[in-house]
Amino acid sequence: MMKFFRKYNKQLLAVFMVLLMVVFVGGSALQSMLSVRQDRKIADSNYGEITLIQQQDANATTELLSGVGLNWRTPLFAGQPPIEIVDWILLLREAERLGFAPDITQARVIAEASGASDAVRAVARSRGIKTDVVYDAMAQFRAVSNAAYAIASSTRPSEVELRSAARDALELVKIRAVVLPADAFIDESEAISEPELQAHFDNYKATEKGQGMNFGYYQYPQLKVQYVKIDRDMIMESVGIANVERKAKAYFEKNKETDLLFRTEVDTPTTVEGPSAEDAGKKYLNWDAAQNIAIAAVKKQHASEAAQQLSNWLTQYASGPWADAERGEDGYKTAPEAAKDLAFYAEMIDRIPNSLRFPGSVTVGETDFFEQAESLEVAELGSAAYRPERGAPKSFTSLAFSSKPIRDKVPTEAGASASDFLATFQTCEFPVVDSSRKNYYIFRIIDSKPGRPARSLAEVRDEVVADVRLVHALAAAETRAEHLTKGYDTIEDAYELDPDLAAFRKGESVGITSGYFEPTPFARVSRGDAQVGRTSQGVWAGVGLGILPTDIVAGCFALDTQEKKVGVFPMQDRAAVLLAESVETIRADEDELNILRNSLKTQLAGARFRDAVSEWLTPEKIQARTGFKLDQN
């Protein structure tokens with residue numbers, strides 16, 4: 001090694017001198033390059049650019065805040081969406097712009113008063129820094145918190161708002177009302193022109209159908225299901241039970257006082273030919289009378305147990321081909337070829353063990369295509385449900401429509417289980433039982449039709465014709481209601497004396513939702529909703545009127561200012577017309593109004609405070625109002 005240095009001494013010295021020169025000449029340039037890298041811009045905002053070193057400083061500050069127990073991610077109270085470092089930087093700058101600059105002296109005083117000084121010293125000591133650095137971080141936290149508090153406090157309700165909210169809940173309107181449903185005025189023989197039908201169809205062909213006049217001809221997704229039916233009654237006819245009479249007698253003794261099958265209508269009399277004195281006065285059958293009933297009950301019990309065992313075996317067998325199936329990107333298992341065969345269920349039945357074979361008890365069926373709204377009407381399966389020993393039951397509808405044809409992807413949110421969502425041809429792992437006959441079913445989806453707008457008028461022609469007639473009928477009902485406002489002292493007289501409504505009054509449509517009503521007085525909002533205010537849901541106005549929309553409620557109150565005090569209000573959601581007559585407006589008692597006003601002051605202020613804090617501290621809102629934009633360079 002020494003020979004090497006001696007041999008190349010001059011060359012090494014020359015290289016060393018060159019390096020010294022590079023450092024001497026280029027040192028400041030290198031330092032400048034490193035500095036530029038530290039100050040690289042990472043984002044822009046309305047409050048200036050954000051650099052990498054500023055982000056690093058913010059990281060250091062928030063670590064100190066966490067060290068002294070201050071949750072900088074939710075600066076005012078828990079339950080808000082947590083903010084990130086960049087949001088913290090933006091909030092601090094916004095707070096300073098609003099006049100809430102960090103005050104280290106104030107932070108120190110508050111820390112000492114709250115007993116946090118020890119935590120400050122501990123954090124400073126553990127990091128080898130001065131306590132003022134920690135107090136400065138706490139001052140920044142307080143600046144952001146103070147700004148949030150000031151923003152939220154500015155939303156407190158005014159005196160006008162409080163009195164208005166209290167009045168809405170306490171002031172009542174008393175009305176007389178007539179409800180005329182449109183369907184009472186339908187003319188089934190009315191001819192509708194093709195242009196009108198086509199125009200109506202075009203308006204609603206892609207809209208989902210709602211209630212009343214909310215028309216829609218969107219075709220909902222449909223499923224087709226193949227199922228295996230396990231008939232409990234057929235099992236009961238052939239089930240073999242050893243010592244059936246002894247078991248029936250034991251069943252009778254155990255259940256005779258609770259099972260309604262063993263009850264009599266009256267006390268058992270004591271006669272010479274009747275039951276013994278031991279049975280006298282009892283309200284259940286004696287063994288001789290109950291024997292056949294008890295035997296049938298035991299057979300039914302055994303048949304139910306056998307049906308359950310059989311359904312479990314079939315479900316397990318059907319799941320076999322799917323055991324190694326991989327899930328795709330959508331979360332559903334890929335159907336194996338064996339399961340796609342529609343003969344799979346029939347082949348499965350042929351493999352049922354002899355111990356579970358009961359002649360004629362297991363059959364394969366297939367449904368027509370059906371929508372979710374029609375699922376309860378599906379023969380045999382409609383009322384069936386999986387009823388676990390623990391937990392809520394799962395209806396056939398919910399199980400079938402938690403599937404790939406309906407949900408493009410298996411949900412991944414917390415609480416969702418991939419096993420609850422079926423791929424096409426996959427047998428549901430939950431056997432369902434109908435509520436009446438106690439038959440078991442296993443099923444799978446074998447085909448589907450996606451949801452889509454109606455293709456043509458011809459596809460839904462009958463429905464469109466009926467709906468256009470309903471439009472005309474509502475107009476006729478409105479005309480009739482307008483007629484009732486004229487020439488009568490009260491709308492009750494108008495309703496009772498109008499000869500054209502005689503058939504309507506005697507028809508099937510008259511009942512709790514149509515006819516003449518005198519509801520109890522109602523307010524603009526319920527007392528419980530006073531702090532929420534007027535909502536689109538409306539107000540419960542009593543039997544007959546039901547829930548009236550907010551605009552109609554307001555219209556009823558406005559009638560008191562009119563000379564005639566009568567108004568006509570179409571109710572689109574109910575396909576009906578309301579004719580209302582104001583009787584009186586019952587003003588709020590001043591003392592009661594003040595009591596509610598004081599209560600609302602606390603409720604509204606608290607609700608608005610939290611809403612305003614949430615609005616100001618939500619990350620998306622922070623970045624939107626501060627003009628945050630990541631640097632793309």
Side-chain angles (χ1 to χ4, degrees), residues 227-317 348-363 365 379-396 429-442:
Y227 61 94
V228 175
K229 173 184 176 181
I230 304 169
D231 192 316
R232 188 191 64 170
D233 289 345
M234 293 296 292
I235 294 177
M236 192 170 70
E237 289 182 11
S238 57
V239 67
I241 304 174
N243 302 311
V244 64
E245 289 190 10
R246 179 172 60 80
K247 291 178 180 177
K249 181 68 178 294
Y251 180 90
F252 170 73
E253 293 297 337
K254 180 180 178 181
N255 299 285
K256 61 186 177 183
E257 296 187 27
T258 56
D259 194 327
L260 295 178
L261 292 174
F262 301 135
R263 305 289 283 179
T264 62
E265 294 182 2
V266 296
D267 291 350
T268 305
T270 304
T271 63
V272 175
E273 296 82 17
S276 64
E278 181 183 352
D279 293 325
K282 295 180 179 178
K283 294 184 178 180
Y284 51 83
L285 302 174
N286 59 26
W287 169 242
D288 290 338
Q291 182 174 359
N292 290 335
I293 298 174
I295 290 174
V298 169
K299 285 188 174 183
K300 192 171 291 186
Q301 187 179 63
H302 279 252
S304 293
E305 293 171 357
Q308 183 177 22
Q309 292 173 5
L310 185 50
S311 70
N312 291 339
W313 184 92
L314 291 169
T315 303
Q316 187 174 3
Y317 183 93
M348 176 176 66
I349 291 173
D350 289 340
R351 297 178 181 275
I352 293 174
N354 290 332
S355 61
L356 292 176
R357 284 186 177 274
F358 303 96
S361 64
V362 183
T363 54
E380 300 188 311
L381 290 169
S383 64
Y386 170 70
R387 296 177 175 84
E389 292 183 3
R390 295 182 180 179
K394 299 180 180 182
S395 67
F396 164 71
E429 68 177 61
F430 305 109
V432 295
V433 187
D434 69 58
S435 56
S436 56
R437 304 187 66 85
K438 307 300 180 185
N439 296 327
Y440 278 75
Y441 302 87
I442 68 167

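All figures in this text were calculated on a predicted structure; none of them were measured in a lab.
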Task: Atom CD of Gln316: over 12 foreign heavy atoms under 6.0 Å - done: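 Atom CD in Gln316 is not packed in, count stays at 12 or less.
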Open item on the list: For Lys300, is the NZ atom crowded, meaning more than 12 foreign heavy atoms sit under 6.0 Å from it?
Closed with: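 Incorrect, the count does not exceed 12.
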Any side-chain heavy-atom pair of [X] and [Y] under 4.5 Å:
X	Y	answer
Val433	Tyr386	no
Ser435	Arg387	yes
Gln309	Leu356	yes

Could you measure the distance from the [atom1] atom of [X] to the [atom2] atom of [Y]? Nearest 0.5 Å is fine.
X	Y	atom1	atom2	answer
Phe358	Glu237	CZ	CD	12.5 Å
Asp434	Lys229	CG	NZ	8.0 Å
Ile349	Arg351	CD1	CZ	12.5 Å
Arg246	Lys249	CZ	NZ	12.0 Å
Arg357	Ile352	CZ	CD1	6.0 Å
Ser311	Ile230	OG	CD1	5.0 Å

TODO: Assess whether side chain to side chain contact (heavy atoms under 4.5 Å, CB included) is satisfied between Met348 and Ile442, documenting all intermediate values.
DONE: CA-CA 12 Å; Met348 176 176 66; Ile442 68 167; 3.8 Å; yes
Open item on the list: If we count only N and O atoms by modelled type, under 3.5 Å, do the side chains of Tyr251 and Gln301 hold a donor and an acceptor together?
Closed with: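 The answer is no; no qualifying pair exists.
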Task: Arg232 and Tyr440: side chain donor to acceptor below 3.5 Å - done: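 The answer is no; no qualifying pair exists.
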TODO: Output, in order, the C-alpha distance, side-chain angles, deciding distance and verdict of side chain to side chain contact (heavy atoms under 4.5 Å, CB included) for Glu380 and Tyr441.
DONE: CA-CA 9 Å; Glu380 300 188 311; Tyr441 302 87; 3.4 Å; yes
- [ ] Answer yes or no on whether Lys394 is positioned over the face of Phe430, meaning its NZ or CZ is under 6.0 Å from the six-membered ring centre and within 45° of the axis.
- [x]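 Because its charged atom sits under 6.0 Å from the ring centre and within 45° of the axis, Lys394 does stack over Phe430.
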If every non-hydrogen atom of [X] is compared with every non-hydrogen atom of [Y], which pair is closest and at what distance?
X	Y	result
Val432	Ala384	CG2-CB, 3.7 Å
Pro393	Pro388	CA-CD, 4.0 Å
Ala306	Ile235	CB-CG2, 4.0 Å

TODO: Say whether, by atom type as modelled, one donor and one acceptor occur between the side chain of Asn255 and the main chain of Asp259 under 3.5 angstrom.
DONE: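 No; judged by distance alone, with no hydrogens or angles, the pair does not exist.
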Open item on the list: Parallel, tilted or perpendicular, judged at 30° and 60°: which one describes the rings of Phe262 and Phe252?
Closed with: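 Phe262 vs Phe252 ring planes: perpendicular.
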- [ ] Please test Thr363 against Val228 for side chain to side chain contact (heavy atoms under 4.5 Å, CB included), starting from the C-alpha separation and ending with a verdict.
- [x] CA-CA 6 Å; Thr363 54; Val228 175; over 6 Å; no
